[in-house]
Structures are given as C-alpha cells and as structure tokens.
Amino acid sequence: MARYNPKETEPKWRQAWADADSFRAVADPARPKYYVLEMFPYPSGRLHMGHVRNYSLGDVIARFKRARGFSVLHPMGWDAFGLPAENAAMERGVDPKAWTYENIARMRAELKELGLSIDWSREFATCDVEYYGKQQAWFLDLYERGLVYRKESVVNWDPVDQTVLANEQVVDGRGWRSGAVVEKRKLNQWAMRITDYADQLTDDLATLDRWPEKVRVMQENWIGRSKGLKFRFHFAGEGPAEGLEVYTTRPDTLFGASFVGVAADHPLAEAVAAKDPKAAAFIAECRKGAATEAEIETAEKIGYDTGLKVKHPFDPNWELPVWIANFILMDYGTGAIFACPAHDQRDLDFARKYGLPVKPVVLPAGEDAASFEVGDEAYVGPGAIFNSDFLDGMDVEAAKAAAIARIEAQGDGDGATVFRLRDWGVSRQRAWGCPIPVVHCEKCGVVPLPKSALPVAHPDDIEFSKAGNALDRHPTWKHTTCPTCGGPATRETDTLDTFVDSSWYFARFANPHAEEPIDKAAADYWLPVDQYIGGIEHAVLHLLYARFVTKALADDGQLSVREPFAGLFTQGMVTHETYRRQNGEWVEPKEVEIEVVGNTRRATLGANGEPVTIGDSEKMSKSKRNTVAPEEIFDVYGVDAARLFVMSDSPPERDVQWTSGGVQGAWRFVNRVWDEFDSQPAEVGAAEPEPELRRATHKLVKQVTEAIDTFRFNSGIARLYEFLNLLKANPAKGASPALLAARQEALLAFARLIAPFTPHLAEECWARIGGRGMVVEAEWPGFDPALTEDAVKVLPVQVNGKRRGEITAPAGAEPADVEKIVLDDPEIARRLEGLTIRKVIVVKDRIVNIVAA
RNA sequence: GCCGCCGUAGCUCAGUGGUAGAGCGCAUCCUUGGUAAGGCUGAGGUCGGCAGUUCAAUCCUGCCCGGCGGCACCA
C-alpha cells in the first residue's frame, strides 16, 4: 500500500493536462457553450487564500460543465494598472512596468500550481499595450458618439494618492484606497455619460434573474431613479424673472405646501447673500459643518428666511416664503424643493422648528377629514386627497398625474425622472494607467487622435521619485503635433480610471488577439459570461461600469449582448482567528501554539510560551497578521487538500473560517480516498453488482450533481465524505464478486465526482482503477432515477407523535398494507395496549403515525 | 429608521413537515515496519425564545431576542 504523495502526483497531472491541451476553449457549434469567469486579480505579487477560494469555485463550475458536454471558456488575465505599482516605484525606485510583470510571473506560477482548468493561451494584462491600445480605440468611438466628454467640475480629490476619485470610490467621505479625507476641487475632467443609460441600467436589472437579489438592490439604490415633476415657481414681488425651479416626487401634495427651500449652494441663495450679510453668515455656517456622512446624518435642520415670496402654482393669491435650508442638496434634482410638512418627515421637522404651517392633504383610510391631524410624525402612506381643490377625492397616484397634467398645461413644468447616479469621472492624474488618446492644441482645442496614431503608449523612462503625475512631468512625452493643423500640441496626461480597464476585459477574452477591440463573431459565440464569480465589494463599482460599457459598445455595434454577466455569484471571504500578545501586538497563526483542554482552547507564543489572546475570526489581512500563505499549505498538504478545505467548510456565498484542523481533515480525506482506490483489486470480474451499494452510488451521483448545479459545493462534499465511510464499511478485502463489482462502479463514479474539487487526486484514482483516458476527458457520471430509491424502506412508527418503533416495508407499499404490518408488530401492539386507535396516518415511504387515546 | 442574510453538537457548517448529520475537537481502545502516522468505538444537541397551523414543527406563519451586511436628509 503506497502512501499518497501530492508532491509527485499533482505536478504530474498538471503536466499531462498541459500536454493534452485539455483546457483550450474551442468554439464548437455542435455543443452548447459555457463561459465561466472569475473577477481577474490585481497582480500584487502573491496569491492569498481569497484567490484560492475564488478561483477554486470557478474551477469547480468549469470542470463540471466541461464534463457535462459544454464547450467551456475559462480564461485568466491581470487587472494590472493602478497605484500600487507607482507606490512601489516611489518607495523602492523600481520601474512600475517591470515590477508589475514580475508580479504577474510569480502569480501566474502560483495560479498554475492550483491546477485550474484555464485556457492560458488567452491570457493578457490590462497594462499590455496590445490591450490598452484597443481600449483607446473604443474610447474614441464613444467620444465620437458623445458618450465621453470633458467638463470643468467639482471633483473628489484624494490628497494622499493625489488623484481624482469617482463618487463610487468615496466611502464615508474618504478615499477607498488611501482612507484620506477627500477634498473638493474644481478641475477639467474626462467623464463618461453613464447617466444616459440610467434608465436601462435600472430596467435591465429585472432581467438578471441569476444575480443575487442583494446586488440588484444595491445597484438600484445607487442609480436611485425617481419619477416626479420639475416645475417653476414665479416670484411675488422681488426675485429673478426666470422664477425658481424645483423637483418633487409628490406633486399630489402641492396643496399642502408650506414653504419653498433652496440649498445653501443654490444660485438664489448666493444672490440673496450678496445683499444680506446675515444670509451670507448662515450659508457660511452650513458649509462649515457637514464634513462626513455621519455628521450630515445627525446634523440638526437649520434654515434662514430670505424674505422672498413665490406664488403657489395653482393659486396666484397664495404666497409661500422662500427659505435657505441645510438639508437640501444642491447636486440632487434642482437644488430646490417645495415643502409639504404633513407628508414629509424632514419638512415636518423643519416646519415645527420654525413655526411654519402643517396642512394635511392625504387622508389615511379610516380617518375623519375634520379631525385628522399630523403630530410629530409625517404621514407618508396612501389615502384620499383632501383640502386640495381639484385633486380632492383622488388617490395618491391619480392626484400625481392630475397635478402634473395641470402644471404642464400651464407651461410651468414637466413630469421628470431624476437619478441619484452621476456621470462617471474617468480622469486620473496618474502615470501607470491607460493614456487618454487626445491632444490639446493651442489653435484647435481638444483634438482626439486618429486611430492610426494608436496605441498611445507610455514612455519607458518615467521618473517616479515624487508624488503626483509622473507622465505630466516627463520632459518630452507630452509634446507632439496636432493631427488637425500640424501645429504644436500637448498630449493629455491624465490616464483612465482602472475600472475602465476592467469594464470590457471579459469581451476581449473572446479573442484576445483580434485586430479590433472586440472580435464580434467570437463575442457573439461566447458572451454573455454564463457564470461570473467574485467578491460583493464590486456590487456598485465594477459591476455597474461593466454593464454600462457593454450597453454603450452594443449601441456602437461592437457587441450584441446588452448585459455582460448572465449569472453572478458573490463568494464569501476567507477568515482566520486573530491572536494578540499581552502588549496588543498582532501575532501570526504560525507563531502561535494552541493547547486544548477539554472544551477550552489556550494559546501561547511558540517562541517563549507567553500567553496569547485568541480573538474573533476576521478577514485575513496583513494588518492583523492573521494570514496563512497558500504556498506553505500546498507544500505540506498539497493543492487538492487546500482546494477541498476552502470549499468544504462553508457554503460558497458565506465566509469560511480557515483552521489548521480543517485543512488536516481535508488532507486525511485525500489519503483515505486514495487508500480506498488503492485497495481495489485490478481484476473485479463481471458479476452482477451488489444492489445496496449500487443504489447508494446512484443516489450519490444525483446528490453531488444537484449540489454543484445549485452552488452548494460544501453540501456535495459532505455527501462524498459520507459515501467514503460507506465504502470503508464495504471493504475490498474479503468482498464477494458482487460487492467488488458494485465497488468498481462506485469508484468509477466517485473519481469523476471529486474531479471538480480535487482534480489531481481524481486523475490518480481514475488511473489506479483502470479508467479510460483522463478524468478531464471523461463524461460526468449519470444515474438511474429508479436506483436512487431504496428497495426496502425503514419506516419509523409514532404513537401520538412520539417515536415508538420502526418497521420495514417494500418501497412504494400501499398505506393499507403498511398499516397491517404495523398493527402486526408485537412491539407496537404492546405500546397500544389499553388504547383505542382513532386514526392511522401512513405517509408513503416515510413514516407511520398512530393517533390513539 | 428601511431592506436583506444568519442563529442546529465545544468549533465550522450540512439537512428535512415525519428516525437530527458531517468534518474538526473531545474520550476509550487497537496498531507501533504508513508512526510528528493509521484504525475502531463512544460521549455530546428542549435545532435562539414564545405562540399559532398540523395527526406530527428544527423545517411553515406571526411576534420577540441576538449577530452580520447593505442603504439612508435623494425632495
């Protein structure tokens, strides 16, 4: 009996797959296609357990679908532009390009060691000039279509990274990478008109039925579509001639209006402040506070009465005061509102504070119009409109429509849809990114380059010793000539947000060597991605941008699909216990020794026996030092054990806690599986297989197949563990020919069932028992539904709901026959002594319950 | 405040309207030429709490408690 040795076995099979070119994706019209993609990694230089989990999950799907006859595309690439390379350049004086490609080489080797079924012939990095040059080409196409534009705008400026951030990259007022408090700056910026697609991006979420509900809700909230009315108030007396435009989603409550409010940054507020020092002081106060989201949320509502009045749109004799209020946002709607305190909590808080009228106009069902009052809580529910002239008696929706119609007829405004989503600012003041292919000419202004001038590549000698944009500092690179007039011009030195790089890479994988950015025929075959896998942290960043770019490129005729990812799976994190010394320093798991006494665990520092505090299990991170290096695990237990463990211990969407005991358990399983295959004799004869094991095998195939289909990988693995115990209970040693035959059938199935999880072990086992070819070429095992059911059922017998015994009956036995067996059973009869049977409930093949008194 | 997920053995998690499961850990024993290893056996659970529906609830329904995540002055 030879011990299983992954160090020899695993590289051997990886070489065999490579030699056979097993994972090359081939567009085969005779077979259905399946595109599996995991979010591509940033090449930090080292693989972490999160990668191991992410790519193992995708590999299970890819191998499973291949075995089921699909033509599978499972590619890999590198999200390779970005700040870490520039930081490394600044800190260590290395060249960012060389640094990045060295990291890629290291990580590629590690990923290959994982034994992933990837078509490496399609690999590319976003920093390859062959890739970003194509990105420049479609950037120009979108510029042509008016989807890319330049504007001066107030932007989020990260003072640490010295670059602009998109709204999506600002979290709680801080840069998502640097954590620095973001400042506001006015800059000339490139932007993409994602807002042109806001409606489609919202509507099409409904078609993404294989996305997690959670992600769809997050995107819907982020886009924030609302339908309402934009209209103008006319001033009574003093005030700008053009009036004051407001936006509302509640035109039905117009007769409950109490005042009109504008944001502190609103032009009207600024105009008032120019003449009124008190107003100026108030605005200054509004600007002072409100640095972080948390402060904005808790800030008290304050306001300033400008003294201006506007006329109510439906009653020229009714005048409303105009206030400046801190709770109104300039960058949403028109920065001005009409307030109906009875039916909006913010307006109500404000009205109560400043003694403004509160007039209810929506009457909840069951309330009386004469007595209904609003106290400290605004009524926002449905009801009948009252106190509202021509709207009286209508429900909320009808009144909205009627009010909008009246305003439109008066020429004061129109029904409008407003979004929270802003255009996507894509300029970054960084050198290590995709250069924006335009020049600035003194005579012609901003001039896009012709495609013949592409790619616009980086210079090789960028100098990174200082912060800021090294591309802009370069002595010669930016100086060029204008393609229009031939005069002197300077290149744009901003580069594109790296989220642009990742917004179309999945389409490039269809044919990464194509002349055009996207090989349409290839993309038509492979897209959309059937199963996309990655972390939930990209729910509104990458996943929204990729959807937008897909739609924009589809409208430009470069793609046929309008959604890039038909299925999305968001996997959980890999966590580990945290350990701290008495002085609070974090300690790495490998420095800690754990002692188990009964049910309590004690930790000490291996080096000196100092006690260590065991903390919660948290996401593996450098800062808390609770990481486990994949390569060290591979070295001790092999790749298969590591893959198996990250998938066995939790459902894929949940966090998985890494423990040394857990991986040892997986390692033992690997060995026990091998023992079982190794114990099977080479010649098993041709006997009729023993039926019990045979049934168990078919049941197993059914269960594991369904578990993989529904992303319950841990559950499938649990079934495999159980089945191995069953095989051990039916050993080859001393087995009858019938049992040996059943074992052979079981093992042939088992090797294929474990292949998606532990592919190297599967090959070794398959070869050991004489499987034909390699497992990667074998069909997924089928099962006979009739054999997944037991021939004889053990039925528990309950008396008054409590288990009192069991009987055996043939599968599918009729209730009357079962009842007879039960009543003939002496043990049951004893339990029923002195009782009258009122009812016997027989659930076919499941259970019997006797109700007796 | 709103929405979602979760609560089952000491730990991490499966599971089902009808006999409560796995891995790890723990205990006993065996093996001592797989040996910083292997194997056998076992203990351990009012399935978060309280009601309801049902012949029968860990599972369905409602309320409550606890944990996690997302959104939130968006008119």
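Every chain is numbered from 1, with letters handed out A, B, ... down the list of sequences.
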With the side chain defined as heavy atoms from C-beta on, N221(A) is closest, among C71(B), G21(B), A75(B), to C71(B)
**Asked** Cut-off 3.5 Å, side chains only: do D423(A) and T195(A) have a donor facing an acceptor?
**Response** yes
Does one side chain, of Y721(A) or S648(A), offer a donor that lies under 3.5 Å from an acceptor on the other? no
Quiz prompt | Neighbour count >12 (heavy atoms, 6.0 Å) for atom NZ, K353(A) | solution = yes
Whole-Å distance, M330(A) CE to C74(B) C1', equals 14 Å
When rounded to whole Å, the CD to P distance for the pair E213(A) and G70(B) reads 17 Å
Inter-nucleotide [atom1] distance ([N], [M]), Å rounded:
{"N": "U61(B)", "M": "A9(B)", "atom1": "P", "result": "22 Å"}
{"N": "G1(B)", "M": "G18(B)", "atom1": "C1'", "result": "42 Å"}
{"N": "U58(B)", "M": "U16(B)", "atom1": "P", "result": "16 Å"}

Please produce a list of atom pairs where a protein N or O lies less than 3.5 Å from an N or O of nucleotides 35-41 of chain B.
from   : atom 1 : to    : atom 2 : distance (Å)
U35(B) : OP1    : R3(A) : NH1    : 3.3

Taking a pair to mean Watson-Crick or G-U wobble geometry with both distances below 3.5 Å, A20(B) pairs with none
Report the relative orientation of the aromatic rings in W323(A) and Y354(A); use parallel for angles under 30°, tilted for 30 to 60°, perpendicular for over 60°. tilted
Report yes if a donor N or O on one partner sits less than 3.5 Å from an acceptor N or O on the other, where the partners are the side chain of K214(A) and the base of C3(B); otherwise report no. no
